[in-house]
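Okay, structure first, notes after.
We number each residue from 1, following the sequence as shown.
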Amino acid sequence: MRTFAMGEKARLADLTAATALRVEVAGEATGSDVAAFCFALDADGRIGADRPPVSADRPASLSSAVALVSGGAANAAFDVDLDAVAPEVHRLLFVVASVGPAIALDAGSVALTAGEEAIAAYLMDPADMKGQRALILGELYRRDGWRFGAVGQGYRDGLDQLVRDYGGDVEAVAASAAEGGGVPGAAASDAETARSPADHGAASDAPAVPGPLAYEGSGDRILRIARPVESGPVVVEITGGGTGNFAVWTLNSSLEHDKLLVNEIGAYRGRVLVDERGTATERLKIESDGPWTVVVRPPAAAPRLAGRASGDGPEVLRWTGPRTVVAMTHAGASNFMVRVYAETPGQAEDPYLASLANTIGSYDGESIIPAGPCLVEIEADGDWTITPESE
């Protein structure tokens, strides 16, 4: 698997002989919905009125042989059949955009797989994303065959500016974003499917990929997962769509329960930390009576804690500021715990840095958060807020 830098390009034939690819994109914007798109351009580099983008609002395009098979919001997977792309289509752009008003994106990545083989990945440097509300993450384009390019082009004025630059219908695309941006999770299939280079049967030494690794399935499973980073903590987004008990544990090397990530009745959606104390999880045990999705992300992809953050359940936030005071509230009836961990191995002698709150029921108080970068894991069953003190 080849990791690309911004602006780097390569002939697809040098990466794989396959012409059926899966392209996974991911984007995060604190406090805002994110929508994913694939735009088809003609030889003049224009979108054209007869080629609306593939998105959650329009999940397939016969003219460009692209189908949205998972997600549509913060993370999405597109299946691309290059042999079926219409001859007038010369370029496919893979885009994520913030749907909220003036909310900049915090993270963006794109990864390509052919079958079960990871062939390319590009993770944007957060320093290149400041103030950007829409991102062209990657592209597939014709030049003596098909090629892949890691683009990393941002648009401060958001999706409207991007669409306008490529001659598209701004109003039509904006309507698609408004409808598709809030779609949670991934679309479940009948059989468990890994939306990533390594599925549940892959070897434990599968190559690390810096982008998201997404899996979906239904029912009880022992799920083998790959890691987007070589060591240290990872952020795991979990959704469950059943009506009965939904439980997820990490398993140790002896296949014994290690950490209970989820234990809920009915539908569930939340982010949790895995391997925050130096372990290296390879499997998850899932108990479910319905569909579920698991998305494994690098720690840098966690939503950034910048100003007041709020939620109503489990969450992981990334703090990059100085040691400071944080105010916290909780309106639930059960556990409210806020713990802080080192983001990278070796950052601290003990990866566990601090406990900001540990109580049951309602809470309104303050604590001190260590200097970042670090990860804040929140366990809550009701509405919560966490607000760093302004400088």
Donor-acceptor contact present, side-chain D42 to main-chain D44, <3.5 Å: yes
Tell me, please, which residues at least two apart from D14 pass salt bridge (Lys or Arg N to Asp or Glu O under 4.0 Å). R11
Full working for side chain to side chain contact (heavy atoms under 4.5 Å, CB included) between L41 and L93: CA-CA 8 Å; L41 310 184; L93 301 181; 3.7 Å; yes
Between NE2 of H90 and CZ of R143, what distance do you get to the nearest 0.5 Å? 12.0 Å
Please identify each residue that fulfils ring pair (Phe, Tyr, Trp, His ring centres under 6.0 Å) with Y363, with sequence neighbours left out. F336
Test side chain to side chain donor-acceptor pair (under 3.5 Å) on H330 and D381; report intermediate values, then the result. CA-CA 9 Å; H330 179 235; D381 75 330; 3.3 Å; yes
Is there a side chain to side chain contact (heavy atoms under 4.5 Å, CB included) between I368 and R323 once you walk through the steps? CA-CA 7 Å; I368 298 173; R323 181 180 176 87; 3.7 Å; yes
Rounded to the nearest 0.5 angstrom, the CD1-CD distance for I369 and E389 is 12.5 Å
Give, for atom CG of L140 and atom CH2 of W146, the distance between the pair rounded to the nearest 0.5 Å. 6.5 Å
Gap separating the CZ atom of R221 from the CZ atom of R283, nearest 0.5 angstrom: 14.0 Å
Atom pair CD (E216) and OG1 (T239), whose distance is rounded to the nearest 0.5 Å: 9.0 Å
NZ/NE/NH1/NH2 to OD/OE distance under 4.0 Å, R304 and E28: no
Identify whether the distance between the nearest side-chain nitrogen and carboxylate oxygen of R271 and E379 falls below 4.0 Å. no
Please identify each residue that fulfils salt bridge (Lys or Arg N to Asp or Glu O under 4.0 Å) with R91, with sequence neighbours left out. E139
Taking the ring of F78 and the ring of F94, is the distance between their centroids below 6.0 Å? yes
Quick one: does any side-chain atom of N335 pair with a main-chain N or O of M337 as donor and acceptor, under 3.5 Å? no
Side chain to side chain contact (heavy atoms under 4.5 Å, CB included) between T16 and F148, intermediate numbers included: CA-CA 11 Å; T16 179; F148 168 72; over 6 Å; no
Once ring-ring contact (aromatic ring centres under 6.0 Å, His included) is applied, what residue pairs with a partner in residues 257-288 remain, sequence neighbours excluded? W249-H257
With sequence neighbours excluded, tell me which residues meet side chain to side chain contact (heavy atoms under 4.5 Å, CB included) with E8. R2, F4, A5
Rounded to the nearest 0.5 angstrom, the CG-OG1 distance for L12 and T19 is 10.0 Å
Closest contact, heavy atoms only, A342 versus P233: O-CG, 3.6 Å
If you apply the rule side chain to side chain donor-acceptor pair (under 3.5 Å), what do you find for T329 with T385, and how did you get there? CA-CA 5 Å; T329 65; T385 66; 2.6 Å; yes
Without swapping roles, check the side chain of Q347 against the backbone of P373 for a donor-acceptor pair under 3.5 Å. yes
With sequence neighbours left out, what residues match Y155 under ring pair (Phe, Tyr, Trp, His ring centres under 6.0 Å)? none
Checking the side chain of N252 only, and the main-chain atoms of E256 only, is there a donor and an acceptor separated by less than 3.5 Å? yes
Considering only Ile, Leu, Val, Met, Phe, Trp and Tyr, and joining two whenever side-chain heavy atoms are under 4.5 Å apart, list the other residues clustered with Y141. none
Sequence neighbours excluded, which residues qualify as side chain to side chain contact (heavy atoms under 4.5 Å, CB included) partners of T250? D258, K259, L261, V274, T281, L284
Y341 ring centre to R277 NZ or CZ under 6.0 Å, with the angle to the axis within 45°? no
Taking only residues two or more places apart in sequence, or in another chain, which ones meet S288 in a side chain to side chain contact (heavy atoms under 4.5 Å, CB included)? F246, I286, W292
Find out whether Y215 and I225 are in side-chain contact, i.e. whether some heavy atom of one side chain is under 4.5 Å from a heavy atom of the other. yes
P388 side chain near L305 side chain, heavy-atom distance below 4.5 Å: yes
Identify, with sequence neighbours excluded, every residue that meets salt bridge (Lys or Arg N to Asp or Glu O under 4.0 Å) alongside D275. R227
Does D220 have any side chain to side chain contact (heavy atoms under 4.5 Å, CB included) partners at least two apart in sequence or in another chain, and if so, which? E287
Residues that E366 engages under salt bridge (Lys or Arg N to Asp or Glu O under 4.0 Å), provided they are two or more places apart: none
Within the 4.5 Å heavy-atom criterion, are V163 and I47 side-chain neighbours or not? yes
